[in-house]
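Predicted, not measured: the structure shown is a model, and the values here were computed from it.
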Amino acid sequence: SGKNPTREWTLHDFDIGRPLGKGKFGRVYMVRTKSEPKYILALKTLYKSEIVQSKVEKQIRREIEIQQNLRHPNVLRLYGYFHDEKRIFLMLEFAGKGELYKQLSKYGSFSERRSSRYIYQMADALIYLHGKHVIHRDIKPENLLLGINGELKIGDFGWSVHAPGNRRMTLCGTLDYLPPEMVEGKAHNERVDYWALGVLTYEFLVGAPPFEDRDSVNNTYRRIAKVDLKWPKDRELSPEVKDLITKLLRHDPQARIPLTDAIRHPWILKHNKFRES
Ligand SMILES: COc1ccc(C(=O)Nc2ccccc2)cc1NC(=O)CCSCc1cnc2[nH]ccc2c1
């Protein structure tokens, strides 16, 4: 069946290319296999010393096992891993068109058509991940990559690997994507990703997240907890997309529109061509 056995890989199997994301992703390099067929992939280096030994290592092994079984066109692949005495190497899919947030900052914001296609792909990937009981918990433009055909790839699982249910929120990351239940320190479930999808839709179209307050973290918290959603004055968003965003950004997680309904929302159907079912 052409399935290559999961062979033991070593660093010597690869030619090392340029660093990717310049330290943003930790130490990640574009690499190519030396032997035919020549695969291009992204090799992520994690130092065992940085990852405290003992129980965390078992958790990481389990998380990597899970991720190796994830197969979806909009989820960056983890092909496998190997290690030497000091390091763990993750063999990751290389996304040919790079980081989505770079496009977002270059263009400022995306058209409704482009945003709708990205949001459809995000929702499809999240439906798949939730079906495998994987909650991403850290959806934001910085964690999204673009494949060679411009397709969206959920790229960064580093955070979700770290994240058992009760993980501490390091405040260095952006708070803009946090849903009220997390801001209020309540229990959370996969519906945190529904909220984040609403925030992402808004940010794609407006160029800034809906509850952003550049001056005060506390004000961002307050705006999230109040769902203080304001539409931009300088640009007219379509009634369809405002409807979808409003249905995702509901304070009550159970009131948020399910992703299976979101992918059939008029704003999604309008901009995505689907084969006749
Ligand atoms: C499936 O994905 C991942 C799976 C696991 C981990 C991870 O770190 N797990 C972890 C963390 C700590 C301890 C144990 C395990 C990370 C990723 N993904 C990335 O890190 C994305 C950017 S690196 C790849 C990549 C590709 N294609 C590009 N094109 C341009 C830049 C670029 C960059």
Between [X] and [Y], is there a donor-acceptor pair closer than 3.5 Å when you use the side chain of the first and the backbone of the second?
{"X": "K34", "Y": "H12", "value": "yes"}
{"X": "R223", "Y": "P210", "value": "yes"}
{"X": "D252", "Y": "Q254", "value": "yes"}
{"X": "Q121", "Y": "L152", "value": "yes"}
{"X": "N143", "Y": "I154", "value": "no"}

Check: Going through the distances and angles, do R235 and S109 end up as a side-chain hydrogen bond (donor to acceptor under 3.5 Å, both in side chains)?
Finding: CA-CA 11 Å; R235 56 183 311 145; S109 62; 3.0 Å; yes
Please find the pair of heavy atoms, one from [X] and one from [Y], that lie closest to each other, and give the distance.
{"X": "T33", "Y": "Y39", "value": "OG1-N, 2.7 Å"}
{"X": "S115", "Y": "F110", "value": "OG-CB, 3.3 Å"}
{"X": "H251", "Y": "A225", "value": "CD2-O, 3.1 Å"}
{"X": "V227", "Y": "L249", "value": "CG1-O, 3.3 Å"}
{"X": "Y177", "Y": "P141", "value": "OH-CD, 3.1 Å"}
{"X": "A95", "Y": "L145", "value": "CB-CB, 3.6 Å"}

Does a donor on one side chain sit under 3.5 Å from an acceptor on the other, for [X] and [Y]?
{"X": "E240", "Y": "H271", "answer": "no"}
{"X": "W267", "Y": "E112", "answer": "yes"}
{"X": "Q103", "Y": "R114", "answer": "yes"}
{"X": "Q68", "Y": "Y81", "answer": "no"}
{"X": "T220", "Y": "D176", "answer": "no"}

Any ion pair linking [Y] and [X] (charged N to carboxylate O, less than 4.0 Å)?
{"X": "E184", "Y": "K186", "result": "yes"}
{"X": "R32", "Y": "D15", "result": "yes"}
{"X": "R256", "Y": "E181", "result": "yes"}
{"X": "E65", "Y": "R62", "result": "no"}
{"X": "D84", "Y": "K86", "result": "no"}

Notebook entry, point to check: Should Y47 and T45 be marked as a side-chain contact (heavy atoms from CB on, under 4.5 Å) after you check the CA-CA gap, both sets of side-chain angles, and the distance that decides it?
Noted result: CA-CA 7 Å; Y47 282 84; T45 308; 4.0 Å; yes
Please report the interatomic distance [atom1]([X]) to [atom2]([Y]), rounded to the nearest 0.5 Å.
{"X": "H83", "Y": "F89", "atom1": "NE2", "atom2": "CZ", "result": "10.5 Å"}
{"X": "H265", "Y": "Y120", "atom1": "NE2", "atom2": "OH", "result": "15.5 Å"}
{"X": "L126", "Y": "D193", "atom1": "CG", "atom2": "CG", "result": "5.0 Å"}
{"X": "I40", "Y": "M30", "atom1": "CD1", "atom2": "CE", "result": "4.5 Å"}
{"X": "L229", "Y": "R250", "atom1": "CG", "atom2": "CZ", "result": "11.5 Å"}
{"X": "I263", "Y": "D124", "atom1": "CD1", "atom2": "CG", "result": "6.0 Å"}

Note to self: Would you call the rings of F14 and W9 parallel, tilted or perpendicular, taking 30° and 60° as the class edges?
What the structure shows: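 Correct class here is parallel.
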Margin query: Can you classify the ring geometry of F211 versus W195 as parallel (below 30°), tilted (30 to 60°) or perpendicular (above 60°)?
Written below: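 It falls in the parallel class, under 30°.
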Check: After noting the C-alpha distance and the side-chain angles of L90 and L46, does the key distance pass the side-chain contact (heavy atoms from CB on, under 4.5 Å) rule?
Finding: CA-CA 8 Å; L90 304 182; L46 302 158; 3.8 Å; yes
Item checked: More than 12 heavy atoms of other groups within 6.0 Å of K226 NZ ->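 It does not: K226 NZ has 12 such atoms or fewer within range.
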